[in-house]
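First the proteins, then the strands, lettered A, B, ... as listed; each starts at 1.
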2 protein chains.
Amino acid sequence: MQETGLAASERPRITAPHRELLDQVLDKWSLQVLEELCEQPQRFNELRRAIPVVTQKSLTAALRRLERNGMVERVVTSTRPLAVQYRITPLGTTLQGLLDALLCWTTVNMADVERARERYDDEV
Amino acid sequence: MQETGLAASERPRITAPHRELLDQVLDKWSLQVLEELCEQPQRFNELRRAIPVVTQKSLTAALRRLERNGMVERVVTSTRPLAVQYRITPLGTTLQGLLDALLCWTTVNMADVERARERYDDEV
DNA sequence: CAGAATCCAATCAGATACTG
DNA sequence: CAGTATCTGATTGGATTCTG
């Protein structure tokens with residue numbers, strides 16, 4: 001499992017591919033899309049309404065990125081007019097714990113962060 | 001299937017302040033700065049060398065953001081030429097677990113993601 | 001050394017119009 | 001409904017120059 005006997009302090013580094021994946025998955029709209037789809041599958045315009053001020057363009061881009069990375073599945077029903085449902089994939093659900101952890105962290109530390117901001121803004 | 005009080009589906013939502021904080025802390029360069037400073041305090045140019053291709057401008061911006069949000073502390077020694085050391089704060093260290101979790105997730109799922117990308121790119 | 005200031009190219013986001 | 005296409009104004013990122 002380990003090539004060499006590394007010290008505990010030698011934690012894995014963020015490499016370009018990892019960084020890139022996080023970028024695609026943690027960006028502004030993707031997080032909110034994932035959050036919505038974790039709750040239930042939804043259609044395009046449902047998502048649009050559920051996520052406050054996302055434009056159609058940004059939502060489309062976020063969905064395509066998530067689909068490409070295997071986080072979200074696009075299910076088309078060829079009716080007239082056609083219906084498209086987006087749903088989270090098994091791979092996508094592995095992100096849910098992480099999302100919760102992120103949200104938990106912001107909730108716990110928001111007050112401290114706001115104090116830090118006030119201090120910083122005052123002294124400058 | 002669900003208890004009184006909060007339904008299981010009623011998970012906390014990402015609100016604007018939370019989203020904004022995550023943006024400031026999870027962006028491309030900030031993650032790598034935090035990773036570096038979690039290992040040891042470093043000076044400006046040390047960080048610059050440690051983080052492959054960051055420009056001075058981007059590094060400065062990331063450090064200012066992290067400082068403003070209380071994640072990083074800037075320690076100035078008024079020598080000639082002056083020395084500036086950046087170090088992680090206690091609040092900043094609360095992010096470390098999250099960073100590890102993020103990195104762990106990418107490591108575990110990278111292969112699946114790459115397969116998903118190939119599938120997507122092929123069919124389009 | 002540790003930046004600030006400036007200029008410029010490239011990217012992005014919003015609005016609008018159109019389509020199967 | 002679920003998008004695509006296009007135009008445009010704003011924001012970003014890199015390169016360069018300068019400074020205490």
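- Put simply, the side chain of A:Leu91 does not reach to within 4.5 Å of the side chain of A:Thr93, judged on heavy atoms.
- Using a 4.5 Å cut-off on side-chain heavy atoms (C-beta onward), B:Val113 and A:Val25 make no contact.
- Residue B:Glu46 contributes atom CD, which lies 11 Å from atom C1' of C:dC1 at whole-angstrom precision.
- Considering every non-hydrogen atom in both B:Ala116 and A:Asn69, the closest pair reads CB-C, 3.8 Å.
- For the pair B:Arg64 and A:Tyr120, the minimum side-chain heavy-atom distance is below 4.5 Å.
- Regarding contacts with the backbone of D:dG3, a side-chain N or O of A:Tyr86 is found under 4.0 angstrom from either OP1 or OP2.
- Side chain of A:Thr89 to main chain of A:Gly70: a donor-acceptor pair is present (N/O by atom type, distance under 3.5 Å, no hydrogens or angles).
- Computed from coordinates, the B:Gln42 CD to C:dC1 C1' distance equals 15 Å when rounded to whole Å.
- For the pair A:Arg49 CZ and D:dA2 P, the computed distance is 8 Å after rounding to whole Å.
- On a pure distance criterion of 3.5 Å, a polar donor-acceptor pair joins the side chain of B:Gln56 and the base of C:dA4.
- Within residues 64-83 of chain A, no residue is approached by DNA chain C to less than 4.0 Å at the level of any non-hydrogen atom.
- A salt bridge is absent between A:Arg119 and A:Asp122: the closest approach of a Lys/Arg side-chain nitrogen to an acidic carboxylate oxygen does not fall below 4.0 angstrom.
- Per the geometry, CG belonging to A:Leu63 stands 11 Å off P belonging to D:dA2, to the nearest Å.
- Side chain of B:Ser30 to main chain of B:Leu26: no donor-acceptor pair is present (N/O by atom type, distance under 3.5 Å, no hydrogens or angles).
- With rounding to whole Å, A:Asp27 atom CG is found 16 Å from D:dT11 atom C1'.
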Check nucleotides 8-14 of chain C against the protein and report each pair of N or O atoms closer than 3.5 Å, with its distance, or say if there are none.
unit_1 : atom_1 : unit_2  : atom_2 : d
C:dA13 : N7     : A:Lys57 : NZ     : 3.3
C:dG14 : O6     : A:Lys57 : NZ     : 2.5

Could you check B:Glu36 against B:Gln42 for side chain to side chain donor-acceptor pair (under 3.5 Å), going step by step and ending with a plain yes or no?
CA-CA 8 Å; B:Glu36 279 299 323; B:Gln42 291 181 59; 2.9 Å; yes

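- Between A:Trp29 and A:Leu59 there is no side-chain heavy-atom pair separated by less than 4.5 Å.
- The separation between A:Leu59 atom CG and D:dG3 atom P is 8 Å, rounded to whole Å.
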